[in-house]
> 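The structure's right below; bear with me while I get my questions together.
Small disclaimer: the values here were computed from a predicted structure and weren't measured. Labels below follow one simple rule: chain letters A, B, ... track the order of the sequence lines, proteins then strands, and each chain is numbered from 1. Hydrogens, waters and symmetry mates play no part in the numbers below; they use all other heavy atoms, side chains included.
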Amino acid sequence: MPELPEVETTRRGIEPHILKHGVAGVVVRNAQLRWPVPETIHSIVGDHIAAVKRRGKYLLLGMTQGTVIMHLGMSGSLRVCGKAEPYRKHDHFICCFETGKSLRFHDPRRFGAILWTTEEPYEHPLLAELGPEPLSAKFHAEYLYRVTRNRRMPIKSFIMNSHVVVGVGNIYANEALFMASIRPGRAAGRLTKAESEQFVGAIKRVLKKAIQEGGTTLRDFLNAEGNPGYFVQSLQVYGRDGAPCQQCHRPIKRKMIAQRASYYCPACQT
DNA sequence: CCCTGAACCTGACCGC
DNA sequence: TGCGGTCAGGTTCAGG
């Protein structure tokens with residue numbers, strides 16, 4: 001479920017419930033996630049949440065003694081629960097607060113991660129090499145044009161590489177390419193300066209709008225309050241193969257690119 | 001360095 | 001109902 005808008009929606013949802021709250025205990029019901037949840041995660045007990053941040057699709061719980069680095073993978077979600085709520089299947093990690101509330105990490109496919117570091121979190125190997133935030137001033141047309149030169153990889157795969165720019169996953173890559181009238185299979189290095197400008201603008205617009213609408217709900221995604229996101233109603237191409245293009249009414253096409261479903265309008269996108 | 005494909009997992013859905 | 005095949009929002013890693 002989570003791309004950047006879903007992760008940001010989650011961050012905003014949990015922050016008011018956990019910021020400054022003391023950690024009374026930790027329950028690891030299944031440590032086998034993307035990487036094993038380290039034993040050292042228990043060192044957060046007795047500490048408190050000093051900050052709730054996001055870098056790309058990583059959530060960072062800043063404590064006084066270190067940082068919990070979380071990733072929701074493909075199917076992960078975080079929810080703030082009350083005292084007596086029973087565990088659900090796939091609730092793998094629970095952080096219990098002195099208030100009686102708890103933060104629960106739920107992840108059926110277990111591609112997510114929960115790590116602990118006492119070092120500077122942005123220098124952690126998983127974060128150190130990440131590209132710019134897509135909504136920051138560092139992500140601009142000249143940057144995209146420069147890093148795409150001589151790259152033969154399809155532009156869609158290229159933009160989904162978090163070392164290029166963080167937070168653009170499969171849904172929003174498809175949507176932004178449609179908005180910029182660029183086919184997903186085009187070689188990255190063949191984008192013109194004008195197209196780089198279009199594409200960067202489209203990425204910023206689509207992510208901003210999705211965050212405003214609380215993310216995209218597919219299947220069972222609920223935000224930290226248990227509410228769905230509404231961006232799914234705004235999708236122009238994702239999941240719409242065979243349906244009419246909203247611009248020209250010809251059917252949207254579906255094609256696999258690097259093992260990921262790609263959707264585009266063969267008429268509107270070149 | 002560049003690029004591709006496999007791997008990590010569970011569950012939903014579709015056709016037979 | 002059951003069974004097998006396919007697909008799913010992400011990312012790292014091995015290998016050519």
> Which of these nucleotides, B:dG11, B:dC9, C:dG10, is closest to any side-chain atom of A:Asn170?
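My answer, after comparing the listed nucleotides, is C:dG10.
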> Measure NZ/A:Lys156 against P/C:dG9 and give the value in whole Å, please.
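Roughly 8 Å, once rounded to whole Å.
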> Using a heavy-atom cut-off of under 4.0 Å over every strand shown, decide if A:Arg260 touches base, sugar-phosphate, or nothing.
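A:Arg260: base contact, heavy atoms under 4.0 Å.
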> P atom, B:dG5 versus C:dC7: distance in rounded Å?
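So the two P atoms sit 15 Å from each other.
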> Does A:Lys57 make a side-chain N or O approach to OP1 or OP2 of C:dG9 shorter than 4.0 Å?
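Answer is no, no contact under 4.0 Å.
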> Determine the interatomic distance between P on C:dC3 and the same-named atom on B:dC9; round to the nearest Å.
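Here C:dC3 and B:dC9 have their P atoms 24 Å from each other.
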> Rounded to whole angstroms, how far apart are CD1 on A:Ile257 and P on B:dG5?
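Rounding to the nearest Å, CD1 of A:Ile257 and P of B:dG5 are 12 Å apart.
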> Provide, to the nearest angstrom, the distance between the NE2 atom belonging to A:His90 and the P atom belonging to B:dC9.
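Taking NE2 of A:His90 and P of B:dC9, I get 14 Å after rounding.
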> Just name whichever nucleotide pairs with C:dT6, Watson-Crick or G-U, keeping both distances under 3.5 Å, else none.
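WC or wobble partner is B:dA12.
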> Nearest of C:dT11, B:dC8, C:dC7 to any side-chain atom of A:Arg254?
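Closest of the options to the side chain of A:Arg254: C:dC7.
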> For B:dC8, does either OP1 or OP2 sit under 4.0 Å from a side-chain N or O belonging to A:Arg110?
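False: A:Arg110 side-chain N/O out of range (4.0 Å or more) of B:dC8 OP1/OP2.
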> Report yes or no: is there a donor-acceptor pair, N or O only, under 3.5 Å between the side chain of A:Arg109 and the base of B:dC9?
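Result: at least one qualifying N/O pair found.
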> Can you tell me the distance, in whole Å, between the NZ atom of A:Lys89 and the C1' atom of B:dG11?
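Computing the A:Lys89:NZ to B:dG11:C1' distance gives 9 Å.
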> Quick test: give all pairs of protein nitrogen or oxygen and nucleotides 12-15 of chain C nitrogen or oxygen below 3.5 Å, distance rounded to 0.1 Å.
unit_1	atom_1	unit_2	atom_2	d
C:dT12	O4'	A:Arg34	NH2	2.8

> For the side chain of A:Glu3, starting at C-beta, report the closest nucleotide among B:dT10, B:dC3, C:dG9.
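Closest nucleotide to the A:Glu3 side chain: C:dG9.
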> Per the ring pair (Phe, Tyr, Trp, His ring centres under 6.0 Å) rule, which among A:Phe178, A:Phe199, A:Phe231, A:Tyr238 passes with A:Tyr172?
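Of the listed options, the one satisfying the test is A:Phe231.
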> Have a look at A:Ala258 and say if it touches a base, only the backbone sugar-phosphate, or nothing, with a 4.0 Å heavy-atom cut-off.
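Counting heavy atoms under 4.0 Å across all strands, no contact is made by A:Ala258.
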> Roughly, in whole Å, what's the span from CG in A:Leu72 to P in B:dC9?
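A:Leu72 atom CG is separated from B:dC9 atom P by 18 Å.
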> Look only at the side chain of A:His106 and the backbone of A:Lys89, and say whether a donor-acceptor pair between them is shorter than 3.5 Å.
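Yes.
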> Could you label the plane-to-plane angle of the A:Phe97 and A:His21 rings as parallel, tilted or perpendicular, counting under 30° as parallel and over 60° as perpendicular?
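If you compare the ring of A:Phe97 with that of A:His21, the planes turn out perpendicular.
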> Is it the case that the side chain of A:Glu15 and the backbone of A:Arg12 share a donor-acceptor pair, with hydrogens and angles ignored and the cut-off at 3.5 Å?
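Judged by distance alone, no pair lies under 3.5 Å.
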> Which part of the nucleic acid does A:Gln259 contact within heavy-atom distance under 4.0 Å: base, sugar-phosphate only, or nothing?
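The answer is base, as A:Gln259 lies within the cut-off (heavy atoms under 4.0 Å) of a base atom.
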> Begin with the C-alpha distance, continue with both residues' side-chain angles, and end with the deciding distance and a verdict on side chain to side chain contact (heavy atoms under 4.5 Å, CB included) for A:Leu4 and A:Glu133.
CA-CA 10 Å; A:Leu4 188 145; A:Glu133 287 288 326; 3.9 Å; yes
> To the nearest angstrom, how far is A:Ile69 atom CD1 from C:dT11 atom C1'?
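The distance from CD1 of A:Ile69 to C1' of C:dT11 comes to 15 Å, rounded to the nearest Å.
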> Looking at B:dC3, C:dG10, B:dC9, which one has an atom nearest to any side-chain atom of A:His71?
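When the side chain of A:His71 is considered, C:dG10 is the closest of B:dC3, C:dG10, B:dC9.
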> Show, in sequence, the C-alpha distance, side-chain angles and deciding distance for A:Glu85 and A:Arg104, and conclude whether the salt bridge (charged side-chain N to carboxylate O under 4.0 Å, His left out) test is met.
CA-CA 11 Å; A:Glu85 281 190 55; A:Arg104 303 194 185 183; 5.4 Å; no
> According to a cutoff of under 5.5 Å between the ring centres and under 30° between the ring planes, does A:Phe111 stack with the base of B:dC9?
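Aromatic stack with B:dC9 absent for A:Phe111.
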> Carefully, step by step, assess A:Glu142 and A:Arg146 under the rule salt bridge (charged side-chain N to carboxylate O under 4.0 Å, His left out).
CA-CA 6 Å; A:Glu142 291 72 28; A:Arg146 175 163 47 83; over 6 Å; no
> Can you tell me how far C1' of B:dG11 sits from CE of A:Met74, to the nearest Å?
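Spelled out: CE on A:Met74 to C1' on B:dG11 is 12 Å.
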> Please give, in whole Å, the distance from B:dC3 C1' to A:Asn161 CG?
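One finds 11 Å between C1' of B:dC3 and CG of A:Asn161, rounded.
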> If you count the non-hydrogen atoms of other residues, nucleotides and ligands that lie under 6.0 Å from CZ in A:Arg250, is the total more than 12?
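Open: at most 12 neighbouring heavy atoms sit under 6.0 Å from CZ of A:Arg250.
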